[in-house]
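Within every chain, numbering begins at 1; the chains are lettered A, B, ... in the order of the sequence lines, protein sequences first and strands thereafter. Here the structure is a predicted model, which means the values were calculated and not measured.
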Number of protein chains: 2
Amino acid sequence: MPMSKPTQVPSRALRRSIATVSVSGTLAEKLAAIHAAGFDAVEIFENDLLYFEGSPADVRRMAGDLGLDIVLYQPFRDFEGVAPERLARNIERVKRKFDVMHQLGTDRLLVCSNVSPETICDDALAAEQLGALAKAAGEAGVTICYEALAWGRHVRTYGHAWRLVNTVNHANLTLALDSFHTLSLDDTPDGIAAIPGERIGFVQIADAPRMQMDVLEWSRHYRCFPGQGDFDLADFTAQVVKSGYTGPLSLEIFNDGFRGAPPAATAADGHRSLLLLEALTRETLAVEHVEADALYHPSAAPANAQWQFLEFAVDDTARAHVANWLEKLHFRRAGQHRSKDVTLYQHGLAAIVLNAEPDSFAGAFFQRHGLSLCASAFRVDDARLALERAAGFGYLPFSGRVGPNERVVPAVQGPDGSLNYFVNEEPGQPTLFEADFSLTDIDGPVEVGPIIGIDHVSLSLPAGSFDSWVLFLKSVFGLEASPAVLVPDPYGLVRSRALMSRDRGLRVVLNASVDQHTAAAETVRAYHGTGLNHVAFNTGDIFRAVTEFEAAGVPLLRVPANYYDDLDARHALDPAFLDSLRAHNLLYDRDERGGEFLHAYTETLDQRFFLEIVERRGGYDGYGAPNAAVRLAAQARQRALAAQEGSASQD
Amino acid sequence: MPMSKPTQVPSRALRRSIATVSVSGTLAEKLAAIHAAGFDAVEIFENDLLYFEGSPADVRRMAGDLGLDIVLYQPFRDFEGVAPERLARNIERVKRKFDVMHQLGTDRLLVCSNVSPETICDDALAAEQLGALAKAAGEAGVTICYEALAWGRHVRTYGHAWRLVNTVNHANLTLALDSFHTLSLDDTPDGIAAIPGERIGFVQIADAPRMQMDVLEWSRHYRCFPGQGDFDLADFTAQVVKSGYTGPLSLEIFNDGFRGAPPAATAADGHRSLLLLEALTRETLAVEHVEADALYHPSAAPANAQWQFLEFAVDDTARAHVANWLEKLHFRRAGQHRSKDVTLYQHGLAAIVLNAEPDSFAGAFFQRHGLSLCASAFRVDDARLALERAAGFGYLPFSGRVGPNERVVPAVQGPDGSLNYFVNEEPGQPTLFEADFSLTDIDGPVEVGPIIGIDHVSLSLPAGSFDSWVLFLKSVFGLEASPAVLVPDPYGLVRSRALMSRDRGLRVVLNASVDQHTAAAETVRAYHGTGLNHVAFNTGDIFRAVTEFEAAGVPLLRVPANYYDDLDARHALDPAFLDSLRAHNLLYDRDERGGEFLHAYTETLDQRFFLEIVERRGGYDGYGAPNAAVRLAAQARQRALAAQEGSASQD
């Protein structure tokens with residue numbers, strides 16, 4: 001077996017495979033992308049072979065040249081449970097495929113449970129015919145991997161498939177598992193551990209968002225990489241490992257988005273999703289499980305992570321513009337970088353860095369994207385470990401130019417090319433800000449403003465990179481994701497998903513526009529592919545905050561009066577409280593446990609992003625999703641007004 | 001009640017309405033688009049009011065200025081079947097909405113059946129509480145329209161809702177119908193006719209493609225205008241008319257695509273979809289039904305329609321290029337236009353016109369789209385009637401410059417701006433070709449080639465115009481649509497749907513790319529929004545046809561050998577027949593009744609469109625859908641090769 005490249009895992013590692021159907025392109029493009037992503041094995045999906053203008057032996061050579069082992073050919077359909085007179089024909093059909101497999105150089109064939117309405121419901125007959133199949137496979141030197149499709153006519157669960165395989169009891173007939181088929185039916189994977197691992201011939205892994213739809217359609221269009229959907233795949237994979245299975249873990253993802261996306265990026269995400277799955281499986285398995293050693297073992301996710309600062313790429317004009325907004329929000333100019341044209345603003349724990357240094361990463365980012373969020377810095381307990389973990393998942397480490405006495409801060413590039421710094425402060429040492437900045441001397445105590453710190457950052461993403469970001473935030477920071485929601489903008493739908501750390505020190509909201517004319521879509525275009533949607537600051541007293549900010553001239557987004565009438569009809573609020581909300585353009589939400597969320601938005605800054613002030617009461621843990629459509633409509637109005645006035649809605 | 005504009009229907013016409021949620025934009029934009037499309041009434045969807053920065057009275061004025069009557073406010077949720085102590089609160093809630101309605105100037109409120117898990121399953125309780133609601137409504141001068149949601153907790157069918165309404169028996173409580181809620185559950189609409197029409201307060205109409213998914217999700221994202229989906233709405237509406245209902249027919253369409261599309265075009269399609277529904281309902285109703293007079297009555301759809309010619313916009317270079325291809329396909333140069341730079345090519349009944357006249361519609365089309373299909377001409381029995389019908393559905397009539405003695409040919413513009421001519425030939429009169437062209441004299445008999453005529457034309461469309469085309473072909477030509485299918489291209493998915501006339505004289509296939517990198521998407525970009533995908537010619541002997549065309553130098557698209565191996569495994573074809581298919585790069589399909597389809601494709605012409613040769617055997621009525629992915633993969637290979645060679649794949 002050819003080895004592709006050195007890996008970071010022990011030699012006992014499970015092999016990492018992916019089905020060719022999971023990425024786009026011609027077969028040659030698919031294999032090249034799969035190899036480059038770090039996989040060492042591949043399943044050949046039959047249609048990819050049918051469309052290929054060359055022989056199966058050519059495919060074998062092509063894969064071999066890339067160090068990719070062809071570990072499975074698939075699928076073969078509608079074999080078992082047929083009328084006896086059809087069996088001979090089916091054996092004839094499968095023998096043609098054995099010939100193809102010999103040329104491909106693979107010895108595993110996936111056979112799916114029969115979906116035909118004519119299938120006979122008779123386990124004895126099915127077992128007898130699978131026995132005939134096993135015999136033919138044995139003669140051809142091939143192993144059958146028999147899989148229960150969730151929509152099979154009679155055989156739908158791995159338990160049922162295993163009973164048949166176990167009844168036949170032939171070395172050339174094994175069980176194939178696919179996480180989607182098990183978890184989509186809410187079937188428990190708990191029985192997998194009891195199946196002898198050597199009788200499991202192949203394991204396919206797919207995640208999916210929870211959807212209430214026909215399982216076949218769901219499977220064909222909405223599968224995604226582990227970690228991008230809602231299934232508990234670590235539990236599933238732990239059962240597989242406990243069985244003693246040592247064959248490949250293989251991604252088989254039918255996803256409409258992947259079909260239209262560049263294959264290299266898709267394959268790279270696929271590989272890191274497998275690494276993340278292995279890491280989570282390892283955590284799930286009891287420590288004494290020696291098989292866990294075969295799983296990827298990354299450095300631990302950063303503990304106690306929180307925002308250290310947000311860095312904007314600016315030029316002189318943009319800096320003046322943003323600084324003006326920050327000052328109205330009572331941020332103070334806290335320092336000037338010792339060697340670069342970089343300014344630090346602070347209010348409470350919230351820190352904003354404006355980087356106008358032309359000959360720098362920020363300068364290049366400004367050239368490409370204009371005023372934009374070019375870097376995020378995260379305070380972590382161990383920056384070196386955080387970098388090691390991120391790099392292990394295949395994210396690109398970055399080192400920028402540093403001046404004398406300045407701190408070297410490790411960073412990786414995120415899916416949009418922006419930087420993510422990991423910062424740790426050592427007791428007794430100068431802080432990063434002290435090391436790099438000439439800090440403004442304060443005479444007397446610093447006035448305490450209403451902002452506590454950064455509550456969350458919301459990003460507007462191209463639709464194609466949404467799930468890449470989910471994987472990035474989960475793998476690098478160990479964040480957890482809430483289910484995705486759809487929010488109506490007046491000009492289309494926006495898909496939105498929140499990710500947060502267990503201690504809620506980090507919260508990120510991802511938005512991607514489904515349609516072309518929403519504000520989120522315009523933001524993505526304005527930034528040329530990368531885009532901050534907004535930064536939310538939290539406060540302990542939102543009424544004080546908005547009163548002070550309005551007095552300082554911050555234009556708050558106006559909320560229609562009709563919203564408050566409806567709020568009253570829904571929540572029956574105290575009239576005085578409702579009046580206060582209305583007077584300050586505050587939005588309101590309440591959760592089932594009585595937690596409350598009060599929030600206000602600024603108008604849009606530079607036609608790109610905006611700011612939010614939030615107050616969480618009583619453990620409220622959401623983001624005011626019921627109000628998102630109200631906000632989007634108000635922003636659409638603001639944009640329309642700005643367009644009418646023929647001028648940007650800047651201050 | 002203000003009248004908006006003169007209509008073509010008698011004064012007894014049902015009023016045509018649409019819910020504001022059906023189109024995109026701010027409330028002002030929505031109302032303007034709805035008015036411009038020809039509606040005279042509108043439902044205000046509550047969220048549109050909540051997002052509106054102005055009072056309900058402002059909305060009333062805005063609608064009134066446009067001559068739009070607000071016929072319904074909606075929805076009010078979760079009223080009936082609650083614990084008695086909640087009733088007072090619900091009455092309080094609804095009274096707030098009555099206040100809003102008075103300001104809006106509307107007296108109908110849609111109340112949906114309760115979806116809350118806490119709803120009490122007790123019809124007597126529900127009726128009692130609906131009685132209280134009716135009483136409050138009566139006091140406020142409001143009529144409640146009670147609707148069974150398909151996903152209601154206990155009340156899911158109109159039959160159940162009607163039992164409750166009938167039990168309460170109060171003038172201010174009526175039944176609301178919605179075609180989606182009835183047809184999505186496969187509930188029969190047959191019981192509607194028996195309900196007294198004056199007890200039906202409101203009727204909402206929505207179509208949808210058949211989908212196996214959760215009915216709530218299906219309803220919220222995939223509704224479409226009547227005629228664009230798979231429901232039998234003419235039957236539903238006929239039952240409504242038979243009941244004696246005389247209120248509005250109102251479109252309520254939740255559609256993700258419409259949310260992102262320009263409101264004017266969406267509203268225009270909505271209005272014509274209602275006209276088409278009325279016309280089809282009229283056909284469904286027995287002629288003696290006097291109520292049918294209230295329905296739109298268009299001129300009859302053209303009978304015996306077939307392709308007369310396809311007209312391409314060309315310049316000299318493009319003409320030489322296309323002519324070269326046509327000649328290889330044994331088309332003959334049959335004539336030259338008497339006054340314009342226009343050439344006619346014919347082979348069998350297939351006629352192609354190449355229009356290089358700069359100062360013409362074709363010239364303008366060429367300027368905008370390059371080499372492209374700028375017009376299609378249809379032979380019909382009565383061209384004047386056909387034009388009248390098309391114009392009645394709101395399609396723009398077109399008259400071009402004509403020379404002396406040339407025929408005036410009526411035309412309308414299709415959704416992409418291309419022309420659709422209606423041609424009829426009178427016995428004893430010169431044909432259109434004779435009138436307009438100087439026809440080439442033929443010495444002796446014309447050689448009979450293998451092409452019989454045009455089998456079908458396939459168009460590549462921007463995704464947003466797909467359903468507009470379905471409506472265009474159904475309303476103007478009376479075509480019937482098959483269900484849509486998804487076809488995988490190596491770089492994404494393509495949605496495809498065939499429409500055809502009852503006698504199969506006209507067949508059109510519509511394709512829209514779901515993703516950005518497919519061949520279909522590239523075609524749409526190449527044409528700047530309008531695009532022929534291919535023209536299929538039929539033949540009675542495809543082996544003769546491809547042999548002759550290959551000998552003449554037509555490059556046929558190569559089909560991979562693996563395709564034939566799989567074909568053999570699937571169909572067990574006669575070895576000699578299989579060899580012939582393989583030798584000629586022919587694709588093959590067989591239907592369940594033994595009908596067969598043999599077809600071949602040319603390589604792509606000018607990187608835009610291509611040609612297909614098809615032979616239908618034994619009544620085969622499809623388009624070889626199982627082979628579409630093979631063809632798309634082969635074309636992707638051809639494009640990749642052409643890109644590698646750095647040159648277009650022209651001859």
Side-chain angles (χ1 to χ4, degrees), chain A residues 24-26 29 46-56 89 92-93 96-97 99-100 211-214 216-218 220-221 256-257 259-262 486 488-493 513-518 558-563 565-566 568-570 572 629-630 632-634 636-637 640, chain B residues 24-26 29 46-56 89 92-93 96-97 99-100 211-214 216-218 220-221 256-257 259-262 486 488-493 513-518 558-563 565-566 568-570 572 629-630 632-634 636-637 640:
Chain A
S24 74
T26 62
E29 290 169 335
E46 180 168 67
N47 281 356
D48 284 313
L49 180 66
L50 298 191
Y51 308 157
F52 177 67
E53 195 171 351
S55 68
R89 167 94 189 105
E92 216 28 66
R93 272 204 303 142
R96 308 280 181 102
K97 301 302 177 187
D99 293 343
V100 170
M211 298 178 91
Q212 297 300 320
M213 67 187 302
D214 177 66
L216 171 59
E217 289 298 301
W218 186 17
R220 291 223 172 132
H221 301 288
D256 289 356
R259 286 180 185 276
L486 276 178
D489 174 286
Y491 302 101
L493 289 173
S513 183
V514 176
D515 299 291
Q516 287 304 302
H517 305 292
T518 65
R558 287 185 58 187
V559 176
N562 301 319
Y563 167 80
D565 294 343
D566 181 64
D568 193 23
R570 283 193 288 134
V630 179
L632 288 167
R637 257 197 323 275
Chain B
S24 73
T26 62
E29 290 168 335
E46 180 168 66
N47 281 356
D48 283 312
L49 180 67
L50 298 191
Y51 308 158
F52 177 68
E53 196 172 351
S55 69
R89 166 96 190 101
E92 216 27 67
R93 271 204 304 141
R96 307 281 180 102
K97 301 302 176 186
D99 293 342
V100 170
M211 298 178 91
Q212 296 300 320
M213 69 187 302
D214 177 65
L216 171 58
E217 289 298 301
W218 186 18
R220 291 224 171 131
H221 300 288
D256 288 357
R259 285 179 185 277
L486 276 178
D489 174 286
Y491 302 101
L493 289 174
S513 182
V514 176
D515 298 293
Q516 287 304 302
H517 304 293
T518 64
R558 289 186 57 187
V559 177
N562 301 319
Y563 167 79
D565 294 344
D566 180 63
D568 193 23
R570 283 193 287 134
V630 179
L632 288 167
R637 258 196 322 276

Colleague: Can you say whether A/Leu486 sits under 4.5 Å from chain B via the side chain, the backbone, both, or neither, judging by heavy atoms?
Modeller: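 For A/Leu486, side-chain heavy atoms alone lie under 4.5 Å from chain B.
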Colleague: Tell me, for A/Ala261 versus chain B, whether the close heavy atoms (under 4.5 Å) come from the side chain, the backbone, both or neither.
Modeller: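 When you check distances to chain B, no heavy atom of A/Ala261 falls under 4.5 Å.
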Colleague: Only pairs of heavy atoms separated by less than 4.5 Å count here; which of B/Gly260, B/Gly54, B/Gly492 has the most with chain A?
Modeller: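 The residue among B/Gly260, B/Gly54, B/Gly492 with the greatest pair count is B/Gly260.
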Colleague: Sort A/Asp568 into side chain, backbone, both or neither according to what part of it lies under 4.5 angstrom from a heavy atom of chain B.
Modeller: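 Both backbone and side chain of A/Asp568 come within 4.5 Å of chain B.
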Colleague: If I compare all heavy atoms of B/Phe52 with all of A/Asn562, which pair ends up nearest, and what's the gap?
Modeller: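 So the two residues come closest at O-ND2, 3.1 Å.
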Colleague: Does A/Asp566 pair with B/Lys97 as a salt bridge, N-O distance under 4.0 Å?
Modeller: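 Looking at B/Lys97 together with A/Asp566, the answer is yes, because their closest N to O distance falls below 4.0 Å.
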Colleague: Closest heavy-atom contact between A/Pro490 and A/Ala636?
Modeller: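 Shortest heavy-atom separation between A/Pro490 and A/Ala636 comes out as CG-CB, 3.7 Å.
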Colleague: Which value, rounded to the nearest 0.5 Å, describes the distance between B/Gln212 atom CD and A/Trp218 atom CH2?
Modeller: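 Spacing of CD (B/Gln212) from CH2 (A/Trp218) equals 15.0 Å.
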Colleague: For A/Glu29, which atoms come within 4.5 Å of any heavy atom of chain B: side chain, backbone, both, or neither?
Modeller: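 Side chain only.
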Colleague: Specify which of A/Leu49, A/Val559, A/Asn47 makes the most heavy-atom pairs with chain B at under 4.5 Å.
Modeller: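 Option with the top pair count is A/Leu49.
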Colleague: Taking all non-hydrogen atoms of both residues, which atom of B/Thr518 and which atom of B/Ser513 are closest, and how far apart?
Modeller: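 Residues B/Thr518 and B/Ser513, closest heavy atoms: OG1-OG, 2.6 Å.
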Colleague: Would you indicate whether A/Arg558, at its atom CZ, is surrounded by more than 12 heavy atoms from other residues, nucleotides or ligands within a distance under 6.0 Å?
Modeller: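 No, CZ of A/Arg558 has 12 or fewer neighbouring heavy atoms, counting only those of other groups under 6.0 Å.
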Colleague: Looking at CE of A/Met213 and NE2 of A/His221, how far apart are the two atoms once the value is rounded to the nearest 0.5 Å?
Modeller: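 One finds 7.0 Å between CE of A/Met213 and NE2 of A/His221.
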Colleague: Top residue by heavy-atom pair count (under 4.5 Å) with chain B, among A/Asp99, A/Val100, A/Asp565, A/Asp214?
Modeller: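 Most pairs with chain B among the choices: A/Asp214.
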Colleague: For B/Pro262 and B/Ser24, work out which heavy atoms get closest and say how close.
Modeller: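 Minimum heavy-atom separation between B/Pro262 and B/Ser24: C-OG, 4.3 Å.
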Colleague: At a 4.5 Å cut-off on heavy atoms, which part of A/Val630 comes close to chain B: side chain, backbone, both, or neither?
Modeller: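 Interface part for A/Val630: both.
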Colleague: Using non-hydrogen atoms only, which part of A/Ala640 is less than 4.5 Å away from chain B: side chain, backbone, both, or neither?
Modeller: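 When you check distances to chain B, no heavy atom of A/Ala640 falls under 4.5 Å.
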Colleague: Pick whichever of A/Gly257, A/Ser55, A/Ala572, A/Ala634 has the most heavy-atom pairs under 4.5 Å with chain B.
Modeller: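 With the most close heavy-atom pairs to chain B, the winner is A/Ala572.
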Colleague: Would you mind checking which part of A/Arg89 comes under 4.5 Å of any heavy atom in chain B, side chain (CB onward), backbone (N, CA, C, O), both or neither?
Modeller: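 The side chain, not the backbone.
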Colleague: Answer yes or no: is there a donor N or O on one side and an acceptor on the other, between the side chain of A/Arg637 and the main chain of B/Tyr51, under 3.5 Å?
Modeller: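 Yes.
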Colleague: Which bit of B/Glu92 comes within less than 4.5 Å of chain A, counting heavy atoms only: side chain, backbone, both or neither?
Modeller: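 For B/Glu92, neither part sits under 4.5 Å from chain A.
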Colleague: Using a cut-off of under 4.5 Å for heavy-atom pairs, which of B/Ala569, B/Gly25, B/Ala633 has the most such pairs with chain A?
Modeller: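 Option with the greatest count: B/Gly25.
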